[in-house]
Amino acid sequence: AKYFRFPEFSLDILNGDLAKAESDDPAQYANLVSQTKQRDSRDLLTYAKDAIAGWIVEDLTLVEFRKFGFMLRLNGIDKERKFTHSSVITNQADFILTYNGKEYPAELASTLEDSWIKYDSIWLRINKLDHLREQKALLIGTDLYTGKFALVSQFQSGLRYDDYTLFGKA
């Protein structure tokens, strides 16, 4: 997070210090607290750490995909790496991918565990697959457990891990 120059608020969260995060940025803290639906059953600190870890993976994905000739730019509401109020959270794709002069919305799904291999499935948030289909978005899968990544351009119901077209190692 320091490498990507995340704000002090995020560093406080990663250090497990919610009180300092609230003191450093009360407005962002209030936005974080508002995200009860997104948080599901996780406690506030776990949810915040998960969100920040996701942002780090997104930033790493930008760097890695550029090595293969893909140009990505951040696209979602959280591209500024700040928590926003739950009322303004959208289902926009995480990235815009530019390749051979064309732009495509692209969503990132990643795993840090062996769950995709173990269960032969890719797990997405509720309704995410429907939103990706509506946007005609690409899915960028990063499996940090195996070091592989994939680019999926068409979505079928029951998308399985084996359906990935693997391009290389992340």
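Quick caveat, the model's predicted, so the values are computed rather than measured. Residue numbers start at 1 and run along the sequence shown.
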Residues that, via side-chain heavy atoms closer than 4.5 angstrom, fall in one hydrophobic cluster with W55: Y3, F4, F6, F9, I13, L14, L18, Y29, L32, V33, L44, L45, Y47, I52, I56, L60, V63, F83
Looking only at heavy atoms, what is the nearest atom pair of [X] and [Y], with distance?
| X | Y | answer |
| --- | --- | --- |
| A106 | A137 | N-CB, 4.4 Å |
| Q135 | P105 | O-CG, 3.5 Å |
| S34 | S86 | OG-N, 3.0 Å |

Quick check: do [X] and [Y] have side-chain heavy atoms less than 4.5 Å from each other?
| X | Y | answer |
| --- | --- | --- |
| L72 | I140 | yes |
| K82 | N31 | no |
| I96 | Y104 | no |
| K20 | N15 | no |

Non-neighbouring partners of D50 that pass side chain to side chain donor-acceptor pair (under 3.5 Å), sequence neighbours left out: R42
Among K79, R81, K2, find the residue that satisfies the salt bridge (charged side-chain N to carboxylate O under 4.0 Å, His left out) test when tested with D59. R81
Side-chain donor or acceptor of Q92 paired with backbone N/O of G76 under 3.5 Å: no
For V57, does its backbone N or O pair with a side-chain atom of T61 as donor and acceptor, under 3.5 Å? yes
Find the distance between [atom1] ([X]) and [atom2] ([Y]) and round it off to the nearest 0.5 Å.
| X | Y | atom1 | atom2 | answer |
| --- | --- | --- | --- | --- |
| L108 | L97 | CG | CG | 11.5 Å |
| E80 | Q28 | CD | CD | 11.0 Å |
| K49 | D43 | NZ | CG | 9.0 Å |
| D25 | E8 | CG | CD | 11.0 Å |
| H85 | Q35 | NE2 | CD | 8.5 Å |
| D24 | D12 | CG | CG | 4.5 Å |

